[in-house]
Chemist: 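Pasting a structure below so you can have a look.
Reckoned from all heavy atoms, side chains included, excluding hydrogens, waters and symmetry mates. Note that ligands are numbered from 1 as they come in the structure, with each ligand's atoms numbered from 1 the same way.
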Amino acid sequence: MEPSTRRMHLGCFVLGTGNHIAGWRYPGAADSFQSLAVIQEIARIAERGKFDLLFLGDSLTAGVNDHPSFTARFEPLTMLAALAATTTHVGLGATGSTTYGEPFHIARAFASLDHLSGGRAAWNAVTSSGPRSAAKFGREHPAHDARYERAEEFVDVVRGLWDCWDDGAIVADRATGRYIDPAKARPLDHEGRHFRVKGPLNIGRSPQGQPIILQAGASEAGQELAARTADMVFSVVQDLDEAKAGYKSLKSRLARYGRKAGDVFVLPGVMPVIARTDREARDKLNMLQSYVTGTNAASLLSNRLGVDVSQFALDDPVPDLPLPDSSHGFARAMLAKARRERMTWRDLHNLTGAARGHWVISGTPECIVDTLTEWFTDYAADGFNILPPYFPGSFDDFVDMVVPILQERGLYRRDYSGTTLREHLGLARPPSRFFPPADG
Ligand SMILES: Cc1cc2nc3c(=O)[nH]c(=O)nc-3n(C[C@H](O)[C@H](O)[C@H](O)COP(=O)(O)O)c2cc1C
């Protein structure tokens, strides 16, 4: 896409108690991720801001010391099905694990969500970083490489299942009594190293043909999976040069898979803390940070770094640590920042408590827009995954104060021009590989 017509894409990372670990303590903030009213309000704000996507992460663990929205939350597909009924445009994305799931379940669930929402479903294919997930299934947690090897085949099977039906397979002809055209549905007959899946799915081809695939891994294996299969990638970055390098690294892998730079959108996660003046914004951030202790982010930080951080004194410097088996992306960005800024463990607890390792910016709406614009025009980002520290107030701030400036500057849509997530992204609806169009 020409730079002049390039537009930002925006996602919102939804956690009912806020993305900040203690955002729920902010005056007036929602304090539950088990509330339909809370998520409906978030969805209303997202559509007012013409957002591309609402994104629901998911983990399979629940510890009393985790982020409160990790500990007590709805099952994401169930929740998005509820939102599909009360929203009209915003994309609905959720995490589904390739390590603790079956391709048939994922393919079926996201095809269903795509039908229910009229073409707004997105699947975040994750390999599940936390070893604690294994205990929920009576299994051993596979190593990083093994998780990604399974993920590669898993995604192929899911996409194959989505392709088993052609458009128009359900004919429902009252005169003849014929319901399905048998020539337009076929089995998958996949036989691979990890899966044997006959198919087809028991649901017709979905409005987007293929729901959108999200990916958020940043290891070598994660980037390769994303380059081959993802439409949108969430990155974890703390600094512009790092973001530019990550962006380039991913886009440079695409040609190998016959794909172009415009086929995949890179959205770094960012937590904006916004106020009318710099001083007010700083006060707001300071207030949020005053809720972070040496223990309430410890579980998250230990998971990010793959070590038990309670063994380290808070005022000791953060040493160089090897990349953990859990997640390379978060650890790499957080350890690089710690090294650059000579951080102590207390600093790293503060960073993790704020945005779980994502980038945090604070300031006036103009200052936030200037920074996001620089990242966008410097090809560090195709848009952003916004992490409001608390809901609904700080999401309102973004939509009411930042979005209008982005629109005035021609960087962001004033209204939706389509109804499906593919249309928001400008991505064509793919034909089924098994039923190519007659002219092609
Ligand atoms: C924005 C974002 C959202 C993520 N959401 C989830 C999630 O919901 N569940 C999960 O298990 N992992 C999640 N992850 C982790 C990654 O998807 C990935 O599986 C993990 O980081 C290991 O990949 P890596 O070593 O390639 O970085 C997320 C990562 C990012 C950056």
Side-chain angles (χ1 to χ4, degrees), residues 10-15 19 33 53-62 66-67 69-70 73-77 79-80 93-101 106 122-134 136-137 141-152 154-155 213-230 232-238 242-243 246-247 249-250 253 265-271 300 303-306 322-336 352 355-359 381 383-388:
L10 295 178
C12 172
F13 200 128
V14 181
L15 288 178
N19 280 283
F33 201 18
L53 182 72
L54 285 173
F55 169 64
L56 296 186
D58 192 38
S59 59
L60 305 164
T61 57
D66 274 330
H67 189 294
S69 283
F70 290 5
R73 69 198 316 174
F74 290 129
E75 188 286 313
L77 266 294
M79 177 164 149
L80 288 185
T95 289
S97 172
T98 57
T99 301
Y100 298 102
I106 292 284
W123 167 41
N124 180 36
V126 307
T127 52
S128 289
S129 49
R132 285 182 301 158
S133 303
K136 302 284 161 72
F137 303 92
H141 190 56
H144 193 273
D145 283 355
R147 296 200 300 274
Y148 270 109
E149 188 195 287
R150 179 183 157 101
E152 290 277 354
F154 194 114
V155 175
I213 295 191
L214 314 172
Q215 236 285 115
S219 58
E220 269 299 306
Q223 287 192 61
E224 283 301 314
L225 177 63
R228 190 172 71 82
T229 66
M232 188 184 277
V233 173
F234 297 138
S235 61
V236 188
V237 278
Q238 289 287 345
E242 187 178 85
Y247 184 98
S249 165
L250 181 72
R253 293 167 197 256
F265 299 85
V266 176
L267 275 70
V270 56
M271 174 175 284
L300 201 50
N303 176 266
R304 292 290 192 241
L305 300 184
L323 287 181
D325 181 77
S326 53
S327 161
H328 295 187
F330 279 106
R332 196 163 55 217
M334 292 163 73
L335 290 171
T352 311
R356 308 191 300 286
H358 287 285
W359 176 43
F384 298 91
N385 195 25
I386 304 297
L387 291 90

Chemist: Phe33: which residues meet the ring pair (Phe, Tyr, Trp, His ring centres under 6.0 Å) condition with it, sequence neighbours left out?
Modeler: none

Chemist: Between the protein and ligand 1, are there any N or O atom pairs that come within less than 3.5 Å of each other, and if so, what are their names and distances?
Modeler:
residue  : atom   : partner : partner atom : Å
ligand 1 : 8 (O)  : Asp58   : N            : 2.6
ligand 1 : 8 (O)  : Asp58   : O            : 3.1
ligand 1 : 8 (O)  : Thr95   : OG1          : 2.8
ligand 1 : 9 (N)  : Asp58   : O            : 2.5
ligand 1 : 19 (O) : Thr127  : OG1          : 3.3
ligand 1 : 21 (O) : Ser327  : OG           : 2.7
ligand 1 : 23 (O) : Tyr148  : OH           : 2.9
ligand 1 : 25 (O) : His144  : NE2          : 2.7
ligand 1 : 25 (O) : His328  : N            : 2.7
ligand 1 : 26 (O) : Tyr148  : OH           : 2.7
ligand 1 : 26 (O) : Ala218  : N            : 3.0
ligand 1 : 26 (O) : Ser219  : N            : 2.9
ligand 1 : 26 (O) : Ser219  : OG           : 2.5
ligand 1 : 27 (O) : Ala218  : N            : 2.9
ligand 1 : 27 (O) : His328  : N            : 3.4
ligand 1 : 27 (O) : Gly329  : N            : 2.9

Chemist: Output all residues satisfying ring pair (Phe, Tyr, Trp, His ring centres under 6.0 Å) with Phe384, sequence neighbours left out; order by chain, then residue number.
Modeler: none

Chemist: Flag this pair as yes if the NZ/CZ of Arg356 is under 6.0 angstrom from the six-membered ring centre of Phe13 and inside a 45 degree cone about the axis; otherwise no.
Modeler: yes

Chemist: With Asp145, which residues qualify under side-chain hydrogen bond (donor to acceptor under 3.5 Å, both in side chains), at least two apart?
Modeler: none

Chemist: Distance check, rounded to the nearest 0.5 Å: Thr127 atom OG1 versus His144 atom NE2?
Modeler: 6.0 Å

Chemist: Should the ring pair Phe154 and Trp123 be called parallel, tilted or perpendicular, given that the plane angle runs from 0 to 90° and is split at 30 and 60?
Modeler: tilted

